[in-house]
Amino acid sequence: MMILTISTPPHFRFWATVSSHGWCMLPPFDYDDGARTLSRVQQLRDGRVVRLTLSEAPGGLAIAVEGAAPSPDEQAEIIGAVNHMLNLDRDFSDFYAHISGHPRYGWIETVGAGRMLSSPTVWEDLTKTLLTTNTTWNMTIQMCRRLITLGDPYPAGGYAFPTPERLAAMNPDDLNAQVRAGYRGAYLHELANRIASGELDVESWRDPALPSADLYKRIKGLKGFGDYAAGSMLKLLGHFDRLATDTACRAVYRDRINGGNAAADDREIAAYYAPFGRWQGLVQWMDVMEDDLRHL
DNA sequence: TTCCAGGGGTAGA
DNA sequence: TCTACCCATGGA
């Protein structure tokens, strides 16, 4: 086993990032709340499959790599993947400046929350986001568990996330017989096809220079991605100027902000978060996650 | 049985 | 722009 170490930005909080949303529960991610480690089986560009385990280390993070010892190029690839996963290149100082001292949101800076856990690839984030639509969180986990068995296995257990090429090569009916994604199965197969064929270069969507309005339009152009899914994806891509209002957000707004009174219209919810401007999507998500994050 | 979940596509006004 | 209806799946 090889240990790689990386440094992290000044206000980085490892466990607040891992716990930022449900992604750490979706395989190939796996986490240990007691030991505060995040693991995943990861396939490298040359096809080799390794297992990564991240933990805090003095000055940054330790990345334990199990499997064959990675070459220098592979080490760089692994570090790049971890940078994507933990969004280490994003700066949240302006976010904290916005909410600093706010009566409702002061806890966010105290906990160091805000940075979100992403997947190493945009493809994986798109797939998982699609599997969160119109279903329960438990069903999302089950669909994801079945999906990754289509990826390459790690000898000691687990699977790497399947490539778009792998899914595109399958018959759509066979794919859905395995994943049981319901009507989403056809959308997933179409997404895999458009990426595998080269029609879509979704990995380029991580470019911070891309305007979020442009990205939003591109994401909504994908079958199965509406306002919630596109807003959700924007967050994983580092843009927070859009809301992603789903049933969880509506319930939180009703119970906590609207005093448990009536269910609010989406326009009312939008008006409440609008003053947070480019950070409104993140503030909305922090409301949903408050109970899980504020006592980390 | 019916309803619905971290919704979205489509047709018709 | 808004509404009505449909969509697979599995738990409540």
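The chains referred to below are lettered A, B, ... by the order of the sequence lines, with proteins before strands, and numbering in each begins at 1.
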task = Could you tell me whether the side chains of A:Asp241 and A:Trp279 share a donor-acceptor contact shorter than 3.5 Å?
result = no
request  = Go through the side-chain N and O atoms of A:Ser93 and A:Asp91 and say whether any donor and acceptor fall under 3.5 Å apart.
outcome  = yes
Any A:Thr247 side-chain nitrogen or oxygen under 4.0 Å from OP1 or OP2 of B:dG7 = yes
query = What is the distance, rounded to the nearest whole Å, between atom CG of A:Asp266 and atom P of B:dG7?
reply = 11 Å
query = Toward the 5' end of DNA chain B, which comes first, A:Lys223 or A:Thr245, by nearest nucleotide?
reply = A:Thr245
query = For A:Asn176, which contact category applies under a 4.0 Å heavy-atom criterion: base, sugar-phosphate, or nothing?
reply = nothing
query = Has A:Arg250 got a side-chain N or O lying under 4.0 Å from the OP1 or OP2 atom of B:dC4?
reply = no
message = Does A:Tyr183 contact B:dG7 through a side-chain donor or acceptor facing the base, at a distance under 3.5 Å?
response = yes
request  = Just call it for A:Thr129: base, sugar-phosphate, or nothing, with non-hydrogen atoms closer than 4.0 Å on any strand.
outcome  = nothing
message = Applying a 4.0 Å non-hydrogen cut-off, can you work out what A:Leu131 is touching in the nucleic acid: base, sugar-phosphate, or nothing?
response = nothing
ask   = What does A:Ala229 touch in the nucleic acid at a heavy-atom separation under 4.0 angstrom: a base, only the sugar-phosphate, or nothing?
value = sugar-phosphate
remark   = Rounded to whole Å, CG of A:Asp246 lies from P of B:dC4 at a distance of 16 Å
query = Among B:dG8, B:dA5, B:dG9, which is the nearest nucleotide to the side chain of A:Thr133?
reply = B:dG8
task = Indicate, with a heavy-atom threshold strictly under 4.0 Å, whether A:Trp23 touches base, sugar-phosphate, or nothing.
result = nothing
query = Rounding to a whole Å, what distance do you find between A:Asp287:CG and B:dG6:P?
reply = 17 Å
query = Do any side-chain nitrogens or oxygens of A:Arg180 fall under 4.0 Å of OP1 or OP2 in C:dA8?
reply = no
request  = Measure the distance from CG on A:Leu222 to C1' on B:dG7 and round it to the nearest whole Å.
outcome  = 15 Å
message = Test question: given the 4.5 Å side-chain rule for I, L, V, M, F, W and Y, name all other residues clustered with A:Tyr228, or answer none.
response = none
ask   = Whole-Å distance between B:dA5 P and A:Met143 CE?
value = 14 Å
remark   = By nearest-heavy-atom nucleotide on DNA chain C, the more 5' of A:Asn138 and A:Asn134 is A:Asn134
request  = Between C:dC2 and B:dA5, how far apart are the C1' atoms? Round to whole Å, please.
outcome  = 24 Å
Protein-nucleotide distance (A:Asp173, atom CG; C:dA8, atom P), rounded to Å = 11 Å
Donor-acceptor side-chain pairing of A:Tyr272 and A:Asn258 below 3.5 angstrom = no
inquiry  = Roughly how many Å apart are C:dC6 and B:dG6, using the P atom of each and rounding to a whole number?
reply    = 24 Å
query = Between A:Ser118 and A:Asn87, does any side-chain donor sit less than 3.5 Å from a side-chain acceptor?
reply = yes
inquiry  = Under 4.0 Å, counting only non-hydrogen atoms across every strand here, what does A:Thr132 touch: a base, just sugar-phosphate, or nothing?
reply    = sugar-phosphate
query = Under 3.5 Å, is there a donor-acceptor pair between the A:Asp266 and A:Tyr253 side chains?
reply = no
inquiry  = Checking contacts here: which listed nucleotide (C:dG10, B:dG6, C:dA8) is nearest the side-chain heavy atoms of A:Met139?
reply    = C:dG10
query = Quantified in whole Å, what is the P atom distance between nucleotide B:dA11 and nucleotide C:dA8?
reply = 15 Å
remark   = To the nearest angstrom, the CG-C1' distance between A:Asp227 and C:dC2 comes to 14 Å
message = I'd like to know if the side chain of A:Arg184 reaches the main chain of A:Thr133, judged simply by a donor and an acceptor atom lying under 3.5 Å from each other, with no hydrogens or angles considered.
response = yes
message = Rounded to whole Å, how long is the line connecting atom CD of A:Gln142 with atom P of C:dG11?
response = 8 Å
message = Mind checking if A:Gly22 touches a base, just sugar-phosphate, or nothing, with heavy atoms under 4.0 Å?
response = base
inquiry  = The side chain of A:Thr136 is closest to which nucleotide in this list: C:dA8, C:dC2, B:dA5?
reply    = B:dA5
task = Check whether the side chain of A:Tyr228 and the base of B:dG7 form a donor-acceptor pair under 3.5 Å.
result = no
